[in-house]
Amino acid sequence: MKTSFFRLFSRFGSAAKPCYPERNNENRKRMPEPASEKPRVAVIGLGSMGYGMATSLRRAGSEVTGCDVAAETVARFVADGGLGARTPAEAAEKADIVVSVVVNAAQTETILFGKDGVAETLAKDAVFVSSATMDPDVARRLAKQLEATGRHYLDAPISGGAQRAAQGELTILASGSKAAFDKARPALDAMAAKLYELGDAAGQGAAFKMINQLLAGVHIAAASEAIAFAAKQGLDIRKVYEVITASAGNSWMFENRMPHVLDGDYTPRSAVDIFVKDLGIIQDMARTAKFPVPVSAAALQMFLMTSASGMGRDDDASVARMYARVTGTTLPGDST
């Protein structure tokens, strides 16, 4: 089994107001299901998001098996009361629902169809819930391949970050067949405060997620540019943050990410390389559609430069550090 397909960095963002059916679970008290009805769930990828999702599933009463390339992470999940598996195939063997929480399409495909993959053991009529951000065409291809074997595929990218994952309060942007939704419903209810049901075929959820990522990446790049430019002007950037968050120029990403810059703390909640990937997918999609996306293309270059400077695994607010370093500007915690 390849050992590169589990690492997951924290994700983030918030979805737009729904224009498709939405299940709002925020005020619903989650009660464990009766033992005879509770689904058996496997979570593949116990990174910062996957571990929280697995914990939420356990809290809702499901029997949960965790699988990750890091044996110590699986051991911690077992110590917390879950079950452990060494491979995706082993994890899926008795599962009604498999939730895949990895970084990209290539890792998802390996988990499904690679050596010791889910497809080797997953029961007929079980459902595979894919949470990775990917090109919609790839989501459609993977769904078609799995559904041809008699299993269900739910395209279900996530938004909300590690804290909301652990609280069972994610936003899930899902599309798939009615059968896939019905089979996955107990897990979706346990993991999400907001579930958007965006279509009856895989690919729609992925497309919605890419629009979110386009905006998120542009907003982070713009916020980083602004805070570094303010520092270059000799402004008190804590006061800049106070003023902007009370003004029209504010954005969710400015308000959420710029405290990392103020504190000089670039511990990855969501890594730079996540946006190198996601904004790259947007460029590929736009080129295929012959649709110009110059603003997100510029944002991609900012993330690429930051990654090339050795900060690819650091928090995505590190784009501000890249601006500071190339302009001789000093930010908190960064002496250059």
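In this chain, residues are counted from 1 in sequence order. Quick caveat, the model's predicted, so the values are computed rather than measured.
Residues that satisfy the ring-ring contact (aromatic ring centres under 6.0 Å, His included) test with Tyr241, not counting sequence neighbours, are Phe254. Here Thr306 pairs with Val272, Met311, Ser318, Val319, Met322 under the side chain to side chain contact (heavy atoms under 4.5 Å, CB included) rule; sequence neighbours left out.
The two residues Arg313 and Asp273 have their closest heavy-atom pair at N-OD2, 4.3 Å. Contact between Gly160 and Leu170 at its shortest, heavy atoms only, is CA-CD2, 4.1 Å. In plain terms, the two heavy atoms of Ala317 and Ser224 that are nearest each other are O-OG, 4.0 Å. For the residue pair Met53 and Ser131, the shortest heavy atom distance occurs at CE-OG, 3.9 Å. Ser175 and Ala201 make their closest contact through OG-O, 2.9 Å (heavy atoms, listed as atom of the first residue, atom of the second, distance).
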### Task
Could you walk me through whether Asp200 and Phe181 pass side chain to side chain contact (heavy atoms under 4.5 Å, CB included), step by step?
CA-CA 9 Å; Asp200 60 4; Phe181 271 108; over 6 Å; no

### Task
Decide yes or no on side-chain hydrogen bond (donor to acceptor under 3.5 Å, both in side chains) for Arg58 and Thr55, but give the supporting numbers first.
CA-CA 5 Å; Arg58 284 192 57 248; Thr55 300; 5.8 Å; no

### Task
With side chain to side chain contact (heavy atoms under 4.5 Å, CB included) as the test, would you mind laying out the steps for Met134 and Leu142 before giving the verdict?
CA-CA 11 Å; Met134 66 179 71; Leu142 294 177; 4.1 Å; yes

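To the nearest 0.5 angstrom, Asp68 atom CG is 9.5 Å from Arg76 atom CZ. Here the CG atom belonging to Asp96 is positioned 9.0 Å from the CG atom belonging to Leu122, to the nearest 0.5 angstrom. Atom OG1 in Thr133 sits 7.5 Å away from atom CD1 in Ile158 (nearest 0.5 Å).
Residues Leu214 and Val295 fall within the same hydrophobic cluster, defined by Ile, Leu, Val, Met, Phe, Trp and Tyr side chains chained together at heavy-atom separations under 4.5 Å. Leu262 and Phe229 are not part of a single hydrophobic cluster, where members link through side-chain heavy atoms under 4.5 Å apart.
Ion pairing between a basic and an acidic side chain is recognised when a charged N comes within 4.0 Å of a carboxylate O; Asp135 and Arg140 show no such pairing. At a threshold of 4.0 Å, the pair Asp314-Arg321 counts as salt-bridged, since one of the basic side-chain nitrogens sits closer than that to a carboxylate oxygen. Using a cutoff of 4.0 Å between basic side-chain nitrogens and carboxylate oxygens, Arg185 and Asp189 are not scored as salt-bridged.
Residues Ser270 and Phe275 form a side-chain contact, since some pair of their non-hydrogen atoms from C-beta on lies under 4.5 Å apart.
Residues Phe77 and Tyr51 place their aromatic rings such that the two centres sit under 6.0 Å apart.
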